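Values below: every heavy atom of this structure, side chains too, minus hydrogens, waters and symmetry copies. Since the structure is predicted, the reported quantities are computational estimates derived from the model, not experimental observations. The chains referred to below are lettered A, B, ... by the order of the sequence lines, with proteins before strands, and numbering in each begins at 1.
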There are 2 protein chains.
Amino acid sequence: MTADPHPTAGSASHHGHDHAHCIADALMRADALCAERGARLTALRRQVLELVWNSHKPRGAYAILEDLSQREGKATAPLTVYRALEFLVEHGLVHRIESLNAYIGCAAPGAVHSGQFLVCETCGNAVEIDDPRIRAAIGTIAAEHGFQVSRPTVEVRGTCTDCQEKTP
Amino acid sequence: MTADPHPTAGSASHHGHDHAHCIADALMRADALCAERGARLTALRRQVLELVWNSHKPRGAYAILEDLSQREGKATAPLTVYRALEFLVEHGLVHRIESLNAYIGCAAPGAVHSGQFLVCETCGNAVEIDDPRIRAAIGTIAAEHGFQVSRPTVEVRGTCTDCQEKTP
DNA sequence: TCCGGCGATGTAATAAGATAACGCCATGAC
DNA sequence: GTCATGGCGTTATCTTATTACATCGCCGGA
Ligand SMILES: [Zn+2]
Ligand SMILES: [Zn+2]
Ligand SMILES: [Zn+2]
Ligand SMILES: [Zn+2]
């Protein structure tokens, strides 16, 4: 299961896909998931999730904060956003990209996966993948070291197809 | 080549290995490497490298800064440390652990490798590995996506052998 | 030798990211 | 109604990282 919902690998909004659909879909899945788990996807958290999904690029907490403040028409405190993000990450609706200090919507919430990303250094898009080979390799080597894995992080920086074509 | 120089996997200073040797060795290799490349391993940079190697735990830039200030007997600016770290990272003498905002000495400088780590959430030790299967898996999936890799990041959080034994 | 260039370092200020401490209020169980 | 819980607001503070500008020292060319 490669979790990329976009047929054109590495693509994003500039490819003119129906991103409104991406957002609506993400929100719907979140509603369903939280209902199923008895988790409270409050208005605020839902709002933050929607803002995270504003693009397929990882977004910083303070960028989200700005959006939120603007949308609410009043200044919001950083903590508000961080708390919402914490909830969303805990429930697997959002991933944190460690190497960017940024957050991105999960492409396959609910499914068991470990969060692996191809992050383009040029356009900023990040594609979530979930390659069983990588997972397996990490599991194997961890076992060899007697290491008990709790959270694997794979973030591959580089250049996506589109950006390679633009700068050959 | 699993780059762990310590026979007891995941070990560190508390195992009583000769850490002075680790440091001396790291500095020697750094000298050699920089000489070979015509890079200037200045006194300051060498000092910072030594401080990074103070343990096998990743260390924050400001922790290193404190050590440096103390050793120099005068306050040092953050930028001083960040510049030195930038140099060391560029030359592969030090790795940055993204998920910790911290820095750790490279176990195999000079050799081509991608920096993969097993990071214990309990004791803070980080063991550098360089598993060809992980590298290969990342290479394969990147190719499948037409993605050109520049810097793969693999940071596996979890619990090391020692810490598992202590808390069964 | 003197000069100009360049890379390394010093200094100060500030940006960006994240958390701590405290309290109020809505919800729901009893 | 009462109480406990969890979510949210407010304020202050902390950690991490960078920007802007000045200075120093080394080295090659005039
Ligand atoms: Zn989309
Ligand atoms: Zn995901
Ligand atoms: Zn290394
Ligand atoms: Zn440990």
Side-chain angles (χ1 to χ4, degrees), chain A residues 30-31 34-35 37-52 57-91 93-104 124 153 155, chain B residues 30-31 34-35 37-52 57-91 93-104 124 153 155:
Chain A
D31 286 332
C34 288
R37 295 183 190 169
R40 298 174 52 187
L41 186 62
T42 63
L44 177 64
R45 290 168 175 171
R46 204 166 183 280
Q47 178 97 311
V48 169
L49 178 60
E50 189 179 347
L51 290 173
V52 168
K57 301 186 205 302
R59 310 200 67 206
Y62 277 69
I64 295 167
L65 175 61
E66 268 186 49
D67 290 358
L68 187 61
S69 297
Q70 192 175 346
R71 196 181 282 202
E72 300 277 303
K74 63 174 179 181
T76 312
L79 197 48
T80 304
V81 169
Y82 278 106
R83 281 196 283 227
L85 287 172
E86 185 185 9
F87 171 90
L88 296 169
V89 169
E90 260 171 15
H91 286 82
L93 298 165
V94 162
H95 292 285
R96 175 179 160 78
I97 308 289
E98 301 289 350
S99 57
L100 294 175
N101 296 329
Y103 302 82
I104 191 170
T153 300
E155 296 170 10
Chain B
D31 286 331
C34 288
R37 294 184 191 166
R40 297 174 51 186
L41 186 63
T42 63
L44 177 64
R45 291 166 175 172
R46 204 164 183 279
Q47 177 98 312
V48 169
L49 178 59
E50 189 179 346
L51 291 172
V52 168
K57 302 185 204 302
R59 309 200 69 204
Y62 278 71
I64 294 166
L65 175 61
E66 267 186 49
D67 289 359
L68 186 62
S69 296
Q70 192 174 346
R71 197 181 280 202
E72 300 278 302
K74 62 175 180 182
T76 312
L79 194 49
T80 305
V81 168
Y82 278 105
R83 283 196 282 226
L85 287 173
E86 186 185 9
F87 172 90
L88 296 170
V89 168
E90 259 171 16
H91 286 82
L93 298 166
V94 162
H95 292 286
R96 176 181 159 81
I97 308 289
E98 302 288 351
S99 57
L100 294 175
N101 296 330
Y103 303 81
I104 191 170
T153 300
E155 296 171 10

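Using a 4.0 Å heavy-atom distance criterion, A/Arg40 is classed as a sugar-phosphate-only contact. Counting any heavy atom pair closer than 4.0 Å across all strands shown, A/Arg45 reaches sugar-phosphate atoms only and no base atom.
Taking every heavy atom of residues 68-80 of chain B and every atom of DNA chain D, pairs under 4.0 Å involve B/Leu79, by number.
The end-to-end axis angle of the helix from C/dT1-D/dA30 to C/dC30-D/dG1, rounded to 10 degrees and based on five pairs per end, is 20°.
Using a 4.5 Å heavy-atom cutoff, the side chains of A/Phe87 and A/Tyr82 are not in contact. Inter-residue side-chain proximity for A/Leu41 and A/Leu88 is flagged as met; some heavy-atom pair is nearer than 4.5 Å.
Annotation for B/Val48 and B/Ala84: closest pair CG2-CB, 3.7 Å, computed over non-hydrogen atoms. Residues A/Leu44 and A/Leu68 come closest through the heavy atom pair CD1-CD2, 4.0 Å. Between A/Ala61 and A/Leu85 the shortest heavy-atom distance is CB-CD1, 4.0 Å. Closest non-hydrogen pair, B/Lys57 versus B/Ile104, comes out as C-CD1, 4.3 Å.
Of the charged side-chain nitrogens involved, at least one lies within less than 4.0 Å of a carboxylate oxygen, so that A/Glu50 and A/Arg71 count as a salt-bridged pair.
Residues satisfying the side-chain contact (heavy atoms from CB on, under 4.5 Å) criterion with B/Arg40, sequence neighbours excluded, are B/Thr42, B/Arg45. For B/Ala102, the side-chain contact (heavy atoms from CB on, under 4.5 Å) partners at least two apart in sequence or on another chain are B/Pro58, B/Leu100.
How far SG of B/Cys34 is from CG of B/Leu49: 8.5 Å, rounded to the nearest 0.5 Å.
Comparing A/Tyr62 and B/Ala84 by the nucleotide of DNA chain C that holds the closest heavy atom to each, the one mapping nearer the 5' end is B/Ala84. If A/Ala43 and B/Tyr103 are placed on DNA chain D by their nearest nucleotide, the residue sitting closer to the 5' end is A/Ala43.
Using a 3.5 Å distance cut-off with no hydrogens or angles, the side chains of B/Tyr103 and B/Arg59 do not pair a donor with an acceptor. Donor-acceptor pairing under 3.5 Å is lacking for the side chains of B/Glu98 and B/Thr153.
Nucleotides of DNA chain D lying under 4.0 Å from heavy atoms of chain B occupy a range whose first and last members, 5' to 3', are D/dT16 to D/dA20. First and last contacts of DNA chain C with chain B, using any nucleotide atom under 4.0 Å from a protein heavy atom and ordered 5' to 3', fall at C/dA8 to C/dA12.
Surrounding CD of A/Gln47 are more than 12 heavy atoms belonging to other residues, nucleotides or ligands, all under 6.0 Å away.
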